[in-house]
Every structure is written in C-alpha cells, then in structure tokens.
Amino acid sequence: MSRFLEGLNDEQRHAVETVDGPLLVLAGAGTGKTRVITVRAAYLLERGFRPEQLLLATFTNKAAREMRERLRGLAGKAVEGATIGTFHSFCGRLLREHAPRLGLPRGFGICDGSDQQSLVKAALRELRIPEATVHPRAAHARISLFKNTLVGPGDALEQAADDWDELVARCYVKYEEALGRQRVVDFDDMLLKALQLLEQHEDIRAPLAERYARVMVDEYQDTNGPQYRIVRALAAGHGNLCVVGDDDQSIYGWRGADVRRILEFEKDFPGATVVRLETNYRSTEEILDAANKVIRNNPKRHGKTLRAWAGHGDKVRVLTMEDESHEAQYVAAEMQWAHDSREERWRDMAVLYRTATQARALEVELRSMNVPYRLVGGMSFFDRKEVRDLLAYLRLAANPHDETSFLRIVNVPPRGIGKGTVDKAVARATEDGSDAWSAFRVLRDAGELPAQATRSFTALEAALDACRHAAAHGRMVDAVHALVAEVDYRAEVDRAYGDDVTRDLRWNGVGELLDFAENHQRRAKDPTLESFLQELALEADDDRKDEDDDGTQDAVTLMTLHGAKGLEFPRVYLVGVEEGILPHRRSALEGSLDEERRLMYVGVTRAREVLTLSFCAQRAKFGKAVVCHPSRFLFEMKEKQPPDTWLPVEQHVTA
DNA sequence: CAAAACTGCCTTTTT
DNA sequence: GGCAGTTTTG
C-alpha cells in the first residue's frame, strides 16, 4: 500500500485512489480537502505520472502556494515541473506565449481593478453619462459580470432590459474599444482570451490536453463560465478531471461563479465518481452545530451533514456591543487576555468581517493596545499612490499605448504639462484613432506643444528609454532605479508629504517595489519588464514579505470573510453580524441572501475551538450614528425567533 | 495655464 | 474618513 494512503479515512482514500475519469469530491468545511488534493497529486506521481502531466488550478495565489508547499512536503523534488497556479496565472502564461495569435503585442499590459475603474469612468465621460446616473463601480461590476458570463458587448446591448442596462452596455462597448486601443487586457479578458485560444485553435488545445493527463480544480464551486470551459477544453478527450469543492461555500456568485456547476457536475461529466467528505477534523461540536443550523436554511444544496471528529468545546458566544469601537475594544482586550493569560499565540486568532472598511475600527484599537496584527487584503501595497505611480511608469515603458498609465503620470511629478495640453493630445488621439502618447509626439514634432510641455515630454521619453534599456538586460532593479532617478521621484515624495513620518512611509513603498524587482530578477528564468509586470499584476495580494523565518509572523489576522475561505484559526471573532452588513444590504435587492448565508457559514466554520460573534446596537455610517439589528443568521443559529421590534434589512428606512 | 485649497460624494465581496 | 471634482490663488 502506498504510504500516502496512511492516515486517511475511507472517503478520503477513495478520492485519492480514484485516479481515472471524472471525479467530484464534495468536501465540507474542515474535512481535509487540501489534504486530499495534495495527497492525490503525490499519489499520481508515485503511480508513474510525470509532474509535467499534472495541472492543479486554484483561485488564489495563497491557495496555489499552499498546495505547492504541501505537495513538496509529500513528494519532495518530484513535484518540480507540475503546473500549480491560479487560473489567471495559467491563462496569463498561455496568452503571453500566443499573444500574436490574438493580435496582441508580447508586451501587452494587464489592468488591475483600479485601472478597470478608470477605463469605465473614461467611457462614461465619453458617452456623457453622468456618474450620478451610472456609478462607475456598479458599471464596472456589471461589465465584469457580462464578461464572466460570456456576454459580449453586442449581446449586452441587445439584451438590455431597461435604460440603466442599456447605458452600461454602451459603456461596455467603449470600454472594450479602449482595452483594444491600449493593447491591454483586464482580469476577465485573461480567462476569455485564453478560452478563445483553446476553443478556436485546436493546434494549441490538443497538445495541452494531451500534456495535462490529470487535471485538478480546487474550489470548484467558485468556477465561472470561462473557467469551466477552460477546464472542459483541457480535459476533453481523456476526461481525467478531478474537481474539489463545497456548494455550501460558494461565495463568488457576483463574479459569475455558478453553484449549479458543482450541483450538476455529474450531468456535465457522465459516469463521474462522487465522493463526499463529511467528517470535520477542524471544529468542536458546538461550532459545527451552529454552522449546520445556519446553512440548513438554504434551499438548494447537495446536502451534507458535517460530523465533528473533535469533541465538545466552549459554547458559541453572541455578544451585543454598543457600537463598532466598543466591539473592537472588547475583541482586542479579550485577545490580549487570551495571549497573556492563556498563552495563546497571536497567529492563532483572527477577526473576520463582511466588508473591508470594518477593519478600520479594529486597527485603531489593536494599535492602541499594542496587539500585533496582519491586515489581509483591503488597502494593499499596490494601492499606494507612489507604488501605483511607478508601476504606471513601468507599464508605459513596456507598452506606450497604455493610456491609463500615461494619463496617470503625465504630470506626476508636476512637470508643467497641464490639463489643457493633455486634453488637446487626447482629442488628437481620438481623432487619429491612436493613443495619447503618440499624439504627444506628433504634436511636439509639429511644434504645437507649449515650450515647457515640449521639454518635459522629451525628458519623459528619455526616462522611459533609460528604464527600458536597463530592463532589456534583465536588470529590473536598475530599471526601477533609472525611473526614480530620471523623474526625480524622491523630490516628488518630499514635496507631496509634509511631515517626516509619512514621507518616510511613502518612500518606503518605493523601496519595497525595488525589493520586488530584486526578487523577480533573481527568481525568474528570463526576467523582462513584461514578466515583472505580470507578476506584479497577478500577485498583488502577496503577503509573503515581512514574515518570520518560519514563514508566519506572530500576529492576529484581520480579514474579510471572502479572504478567510480555506483558512482556520483556533480562536475566531466574527464582528458586525448585523442586518445590512451580513447579510449585506445589497444582497436583499439582488436576491443573493443564500450567498450571504454561505458567507456566514464560511465564517463560522473557520473556527477550531473558540467562536465569538458580535453585533452592535448602533454604528457610524457616513459619520452619523445608525441603529443596527442583529443578523437573521444569529436567530437561525440559536433557533430563536426575532423579537417584534426586530427589523429585517429589507425594511430598513434609509433616511 | 498650472498648483493649492476646499467641498461634497459615497463604502461588498476579488483575480 | 478618503478622494474626485471644483473653486481659488499663484
């Protein structure tokens, strides 16, 4: 018997040993899902598959990293060569390789979320649609959903049910045009264009399908249309596809994920083996009981009942707090007590919340009590202004068509190129069907630019040249240095930030970008500006830095429920469990209450031993205090009826 | 014509 | 409590 099968329960072993044909592993929270995937991969290697034949797709970089590390622990060096990564990184590589087939230059850029936002705004402006009528954020979300459900701009226009839909559809058309003009792809395009390569170019698909003899997909419940079809294209023919997931943890419906994918796997792939993992090795009975009581209120489920392997533990607590700062104070104080008196480690505690903004109150309290914390997601390193500025420079160097980046830095640091001049160039670009950068060159060469703008633009060209020159020799650090020096970015930081503390903090961001550059230069096989930028775009959530030697720093974790999926902590606080937050107020309108319930379920099942939920009597919204009501999910959990005074979020008066 | 000061607007979740 | 858009100043 394979040593890899030792210590697995019957179901887990069944999943691992089913090496041929379609396999659906329905893995409830804490049932050893990651273990099954990694052991199965190691088992396949042991059975003679070469690592090159394995494809393991995940949704987050974090998950990919964990898989790789655990697989390395099991199989050692034998893993090298296996493809383990997010859908986006896999697609990115495929795109880079076949860019010309799609009419893209090799140096095509990748827009991140905030670039997408800027493009949507530009499109709205172009269409003279006021932002009050169509919120850029909402439009972007809708466009993204269109793309993730494989609805093109033309179809979107035709399908438009009301005025709002039509405006968004028209914005979608402009948005796509802008992407094309700027030779950039957004996150959604990475999947769509990779799918196009696979479905329309058999000479690309067939060798890949042949190569990847065993395909595995993690978190299958979160697969959206394009991802599903990519998987299908790769597994076509041999059908050796193993998907692992939990319909109760599908929380990405808003991104086009469709729970039906996992509910109907057996229809999609006839003859599929189905394995259910229902023994939970993570949580106490009390915690699982709470989780089960909540999730059973959802109508459409595969239907699993988690059995606790661990015994009884503490009761699940629900606390009422005056407001969010009291809530934060309480949580911070109790964690400190647990650390000091019970010798619990900071890293074993987490505070989870529905929306990223809820972190602020917690940060304030944790900081004042000197509790070390690690804020995951939210305002990331890549959202910082100075990092985004330099990134825009780099992207412009790689792809001068990238107008979003150009417009961002054209006058940062201030170099005397004002709005009037920029508008003129943009108008010219629109006329010529070119881009702002080219238009600037044309205008300058024609002597139609103000003197200062002419000088500055020429200096900018020189800066980008210097950057490209360094990058061409694989020296990413020098490339960044060249930019910083040429544009005198240090002076800009000094100018923009008055006090020494923020100034140092900001300049620090530049240093960290240099660290990334050094890292890439050292690790990448063939470091180019393009590969560096792709890594930066796709691993924006990278939180590997500032960790201890053993890989994890000892700090309390603060993160959203979405970010917490797949993780576990002995002590968990779930804060802000209120109508309007969890479930979120938008969910009532969108009819996604089931998804909010799954989110609650995800939160509850993160806890191993101690789970505390809390809600506030009132909380500040837009600077005003608003009365709050405990979440319906708390009543479901405690099997109680809400009192007469309770109001569901649907009936909240928004004054 | 460009930069600094000021005001009013929103805040779901992520690759 | 931040940022984008607007007004005011240089």
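Letters go in sequence order (proteins before strands), and every chain restarts at 1.
Look at CE on A/Met190: it is 19 Å from P on B/dT14, rounded to the nearest Å. In this entry the distance linking CZ of A/Arg125 with C1' of C/dT6 reads 15 Å, nearest Å. As rounded to whole Å, 10 Å separates atom P of C/dA4 from atom CD of A/Gln117. Rounded to whole Å, atom C1' of B/dT12 lies 8 Å from atom CH2 of A/Trp254. Taking atom OH on A/Tyr228 and atom C1' on B/dT15, their separation rounds to 22 Å, with Å as the unit. In this structure, A/Met559 atom CE and B/dT14 atom P are separated by 11 Å, rounded to whole Å. Atom CD1 of A/Ile143 and atom C1' of B/dT14 are 17 Å apart (whole Å). When the P atom of B/dT15 is taken as reference, atom CD of A/Glu219 falls 12 Å away, rounded to whole Å.
A sub-4.0 Å separation between OP1 or OP2 of B/dA2 and a side-chain N or O of A/Thr421 is present. Close to B/dT12, at under 4.0 Å from its OP1 or OP2, lies no side-chain N or O of A/Ser587. The phosphate of B/dA3 has OP1 or OP2 within less than 4.0 Å of a side-chain N or O from A/Asn411.
Out of C/dG5, B/dT15, C/dG1, the shortest distance to the side chain of A/Phe187 is found at B/dT15. Residue A/Gln116 places its side chain closer to B/dT15 than to any other of B/dT15, B/dT12, B/dA3. Closest to the side chain of A/Thr355, out of B/dA3, C/dG1, B/dT12, is B/dT12. Nearest nucleotide to the A/Tyr252 side chain, out of B/dT14, B/dT12, C/dG5: B/dT14. Closest to the side chain of A/Arg255, out of B/dT13, B/dA3, B/dT14, is B/dT14. Ranking B/dT14, C/dA4, B/dA3 by closeness to the A/Lys121 side chain, first place goes to C/dA4. Comparing atom distances between the A/Arg360 side chain and each of C/dG1, B/dT15, B/dT13 picks out C/dG1 as nearest.
A donor atom on one side chain and an acceptor atom on the other are found under 3.5 Å apart for A/Gln221 and A/Glu219. Side chains of A/Gln116 and A/His140: a donor-acceptor N/O pair is present below 3.5 angstrom, by distance only.
Within 4.0 Å (heavy atoms only), A/Gly416 reaches sugar-phosphate atoms of the nucleic acid but no base atom. Within 4.0 Å (heavy atoms only), A/Ile251 reaches no atom of the nucleic acid at all. Backbone-only engagement by A/Phe59 is indicated by non-hydrogen atom pairs under 4.0 Å involving sugar-phosphate atoms exclusively.
Under the rule for a side-chain hydrogen bond (donor to acceptor under 3.5 Å, both in side chains), A/Arg255 has no partner lying at least two apart in sequence or in another chain.
Along DNA chain B, the nucleotide nearest A/Thr86 and the nucleotide nearest A/His135 are compared for position; the residue whose nucleotide lies closer to the 5' end is A/His135. The 5' end of DNA chain B is approached more closely, in terms of each residue's nearest nucleotide, by A/Arg137 than by the other of A/Arg137 and A/His88.
Within 3.5 Å, no donor on the side chain of A/His584 pairs with an acceptor on the base of B/dT12, nor the reverse. Interface remark: the A/Arg586 side chain does not form any donor-acceptor pair with the B/dT12 base, using a distance-only criterion of under 3.5 Å.
Within the structure, salt bridge (charged side-chain N to carboxylate O under 4.0 Å, His left out) contacts touching residues 140-150 of chain A (residues at least two apart or in different chains) are A/Lys147-A/Glu176, A/Lys147-A/Asp186, A/Lys147-A/Asp189.
Between A/Thr223 atom OG1 and A/Phe59 atom CZ the span is 4.0 Å, to the nearest 0.5 Å.
Residues A/Asp222 and A/Ser250 form a side-chain contact, since some pair of their non-hydrogen atoms from C-beta on lies under 4.5 Å apart.
Classification of the A/Phe406-A/Phe457 ring pair by plane angle, with boundaries at 30° and 60°, yields perpendicular.
Where DNA chain B pairs in unbroken runs of 3 or more (Watson-Crick or G-U, both distances under 3.5 Å), the stems are B:1-10 with C:1-10.
Listed here is the closest heavy atom pair of A/Ala63 and A/Asp218: CB-OD2, 4.2 Å.
Salt bridge status for A/Arg598 with A/Glu595: present, with a side-chain N to carboxylate O gap under 4.0 Å.
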